[in-house]
Amino acid sequence: MSSDAITSREKDFAKWYQDVIRQGDLAEAAEVVRGCMVIKPHGYAIWEKIQAELDRRFKATGHKNAYFPLLIPLSFLAKEASHVEGFAMECAVVTHSGLKAVTSADGKTALEVKNPLEEPYVIRPTSETIIGHYFAKWIQSHRDLPLLLNQWANVMRWEMRTRLFLRTSEFLWQEGHTAHATHEESLEEVERMLGVYADVAENVMAMPVIRGKKTDSEKFAGAVSSYCIEAMMQDGKALQAGTSHDLGQNFGRAFDVKFQSKSGEIDYVWQTSWGSSTRLIGGLIMTHSDDAGLVLPPAVAPIHVAIIPIYKTDEERSKVVEAGDVLRRECEGAGLSVVLDDRDGLRPGAKHFDWEQKGVPVRIEIGPRDVLAGSCVVKRRDRDPKEKTPLALAGAAIVLKNLMSEIQTSLLERARAFRASRTVQVDTYDQFKQALDPGGKGNFLLAHWDGTPETEKKIKADTKATIRCIPLEGDKEPGRCVLTGQPSAQRVVFAQAY
RNA sequence: CGGGGCGUAGCGCAGCCUGGUAGCGCACACGGUUCGGGACCGUGGGGUCGGAGGUUCAAAUCCUCUCGCCCCGACCA
């Protein structure tokens with residue numbers, strides 16, 4: 001890819017994001033209606049892939065899926081002080097249980113809300129409270145622990161401003177909720193699930209992430225501490241892609257979730273919660289895709305290979321389609337998902353653009369010349385569209401299967417290299433301000449911080465950059481705060497965030 | 001909640017300033033020629049111009065009110 005192409009991609013990224021992705025009929029992914037997301041079939045197929053990979057890992061680590069009510073009594077939410085404070089302003093509230101049709105004098109029919117509820121409900125913004133309520137009923141003994149549950153559900157947070165995939169009022173997610181007998185055990189769980197998220201992000205979505213701890217001002221409302229994975233998007237902004245919280249005994253106390261230990265003492269359970277959402281689709285798009293549409297790593301691509309037959313006459317058509325069909329069956333036998341695009345009335349070029357836009361990793365052309373030569377032409381979505389590679393039809397399925405792993409790896413490497421090129425160590429506040437956003441390109445800044453919320457706030461007010469996380473891995477050299485010069489234990493990641 | 005902008009065919013828009021037969025591109029339907037990177041020609045279907053009221057001989061256009069949506073800020077997975 002030329003440097004011009006990269007510059008143009010960065011410059012046009014915001015516009016592309018709106019034009020291509022937001023207009024779902026081009027990307028066939030999703031759109032926002034009244035702040036809520038409509039996920040179209042192609043977008044949903046990608047989500048299903050991510051979902052399956054997460055779910056498999058949750059089960060492999062001993063978790064079971066469950067489902068809890070959508071409506072949460074107001075009183076539940078009030079039980080944990082900092083939790084309610086964090087979510088109160090974004091709760092949709094159900095106050096009535098009925099409607100009545102009213103016909104006015106001019107003959108028009110309107111509906112009036114009827115039957116006010118004695119106690120209103122909130123539509124879950126997250127389920128800690130209602131799950132805490134059930135945990136209290138289900139847990140009596142240390143033998144009931146650990147209790148490891150996960151829920152796939154929609155939640156609602158009445159956001160003032162929404163953004164497709166990244167922040168919609170209603171979103172689809174997964175929330176894990178666990179209860180443990182000791183803090184050591186719950187902390188292990190927090191770390192384990194953060195690891196699961198990082199694994200899926202990097203090895204499935206090819207989206208490199210930084211694992212870290214949130215500062216107190218950024219942590220989950222009600223948590224003792226929050227951990228996260230942070231990814232860099234192509235415009236240099238940070239995206240929080242998953243969180244894992246140590247809830248301590250906060251919810252245990254609030255919902256009276258007690259158990260009797262082996263030695264007979266009564267104690268509150270130690271809880272965790274962790275979540276990741278359809279925001280991951282947004283992260284995926286903003287990590288890899290370009291002006292021509294989606295670029296999908298094979299592990300999340302609903303379709304791996306699109307075969308495009310080239311023909312003029314009916315005779316040619318039947319020959320190339322037959323050859324394509326043989327290839328399709330062989331690829332499917334190798335575990336690849338394939339479409340043979342034999343649509344009439346669309347020229348080959350239009351088919352290329354179509355599958356390119358949908359992010360299909362590999363397209364294959366088979367024409368009359370190829371059939372004679374026993375070969376086909378391969379085009380990779382992650383490479384220059386003009387690049388063509390010939391491939392012998394015999395044994396093609398295995399080659400394509402291997403090509404998928406190659407693409408998967410290469411996308412991750414490319415994203416890693418991009419992030420590295422946009423990550424800067426800074427030691428003075430001047431450097432900080434200069435390096436944050438040079439010429440509209442965002443950067444991740446590794447800087448020392450004195451650990452105070454005041455400094456964090458001041459930097460945010462000055463620069464819009466927030467502390468994305470205190471990284472768990474990497475350099476742990478102490479130093480001096482970039483703003484105040486006070487001692488700092490390690491560098492933290494500053495960036496502008498979505 | 002503050003500041004901007006937009007509602008006209010399925011989608012994207014022009015027309016509005018200066019009132020006078022509602023248009024363009026894409027998509028759709030039919031016919032033909034095409035087909036190795038978004039085909040072309042011809043024909044055709046599709047609209048109570050977001051809604052209500054007002055001014056006028058006449059309103060998509062001017063005025064008032066209203067509803068909805070989008071963008072920027074504060075808030076956020």
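The chains referred to below are lettered A, B, ... by the order of the sequence lines, with proteins before strands, and numbering in each begins at 1.
- Rounded to whole angstrom, the span from the CD atom of A/E387 across to the C1' atom of B/rG37 amounts to 15 Å.
- Checking B/rU33 for Watson-Crick or G-U wobble geometry (two distances, each under 3.5 Å) identifies B/rA39 as its partner.
- Within the structure, ring-ring contact (aromatic ring centres under 6.0 Å, His included) contacts touching residues 191-219 of chain A (residues at least two apart or in different chains) do not occur.
- Across all strands shown, nothing is found opposite B/rG45 as a Watson-Crick or G-U wobble partner with both distances under 3.5 Å.
- For the P atoms, the distance linking B/rG5 with B/rU48 amounts to 29 Å, nearest Å.
- Residues passing the side-chain hydrogen bond (donor to acceptor under 3.5 Å, both in side chains) test with A/D199 are A/R57, A/N203, sequence neighbours excluded.
- Under the side-chain hydrogen bond (donor to acceptor under 3.5 Å, both in side chains) criterion, A/N150 pairs with A/N65, A/Q174, not counting sequence neighbours.
- Between B/rG38, B/rC75, B/rA77, one nucleotide has an atom nearer to the side chain of A/S277 than all others, and that is B/rA77.
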Shorter than 3.5 Å, N or O on both sides, protein versus nucleotides 34-36 of chain B: list them out with atom names.
from, atom 1, to, atom 2, distance (Å)
B/rC35, O2', A/Y311, O, 2.9
B/rC35, N4, A/K312, O, 3.3
B/rG36, N7, A/R369, NH1, 3.3
B/rG36, O6, A/P368, N, 3.4
B/rG36, O6, A/R369, N, 2.9
B/rG36, N1, A/D370, OD2, 2.6
B/rG36, N2, A/E365, OE1, 3.2
B/rG36, N2, A/D370, OD2, 2.7
B/rG36, N3, A/E365, OE1, 3.3

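- Across all strands shown, B/rU18 forms no Watson-Crick or G-U wobble pair with both distances under 3.5 Å.
- Environment of CD in A/E48: crowded, with over 12 heavy atoms of neighbouring residues, nucleotides or ligands closer than 6.0 Å.
- Using the Watson-Crick or G-U wobble rule with both distances under 3.5 Å, B/rA59 pairs with nothing in any strand shown.
- Sorted by first and then second residue, the ring-ring contact (aromatic ring centres under 6.0 Å, His included) pairs with a member in residues 364-394 of chain A form an empty list; sequence neighbours excluded.
- If you check every strand for non-hydrogen atoms under 4.0 Å, A/R363 touches a base.
- For the C1' atom pair drawn from B/rC63 and B/rG25, the interatomic distance equals 33 Å after rounding to whole Å.
- Remark: P of B/rA77 and CD of A/E175 are 14 Å apart, rounded to the nearest angstrom.
- The interatomic distance linking A/D341 (CG) with B/rG38 (P) rounds to 15 Å, in whole Å.
- For B/rC1, the paired base is B/rG73 (Watson-Crick or G-U wobble, both distances below 3.5 Å).
- Straight-line distance from the CZ atom of A/F220 to the C1' atom of B/rA77: 10 Å, rounded to whole Å.
- With a cut-off of 3.5 Å on both pairing distances, the Watson-Crick or G-U wobble partner of B/rC11 is B/rG25.
- Between A/K460 and A/E356, the residue anchored closer to the 5' end of RNA chain B is A/E356, taking for each the nucleotide with the nearest heavy atom.
- Counting any heavy atom pair closer than 4.0 Å across all strands shown, A/S244 reaches no nucleic acid atom.
- For A/K386 and B/rG37, a side-chain-to-base donor-acceptor distance below 3.5 Å is absent, hydrogens and geometry of angles not being considered.
- Atom CD in A/Q496 sits roughly 11 Å away from atom P in B/rA74 (whole-Å rounding).
- Between A/F255 and A/F76, the ring planes are perpendicular. Angles over 60° get that label, and only those under 30° would be called parallel.
- Screening residues 200-222 of chain A for ring-ring contact (aromatic ring centres under 6.0 Å, His included) gives A/H83-A/F220, A/F87-A/F220, A/F220-A/H245 as the qualifying pairs, with residues at least two apart or on separate chains.
- Remark: the separation of the C1' atoms in B/rC70 and B/rC24 is 24 Å, to the nearest Å.
- You can call A/F171 stacked on the base of B/rA77; the centres are under 5.5 Å apart and the planes sit within 30°.
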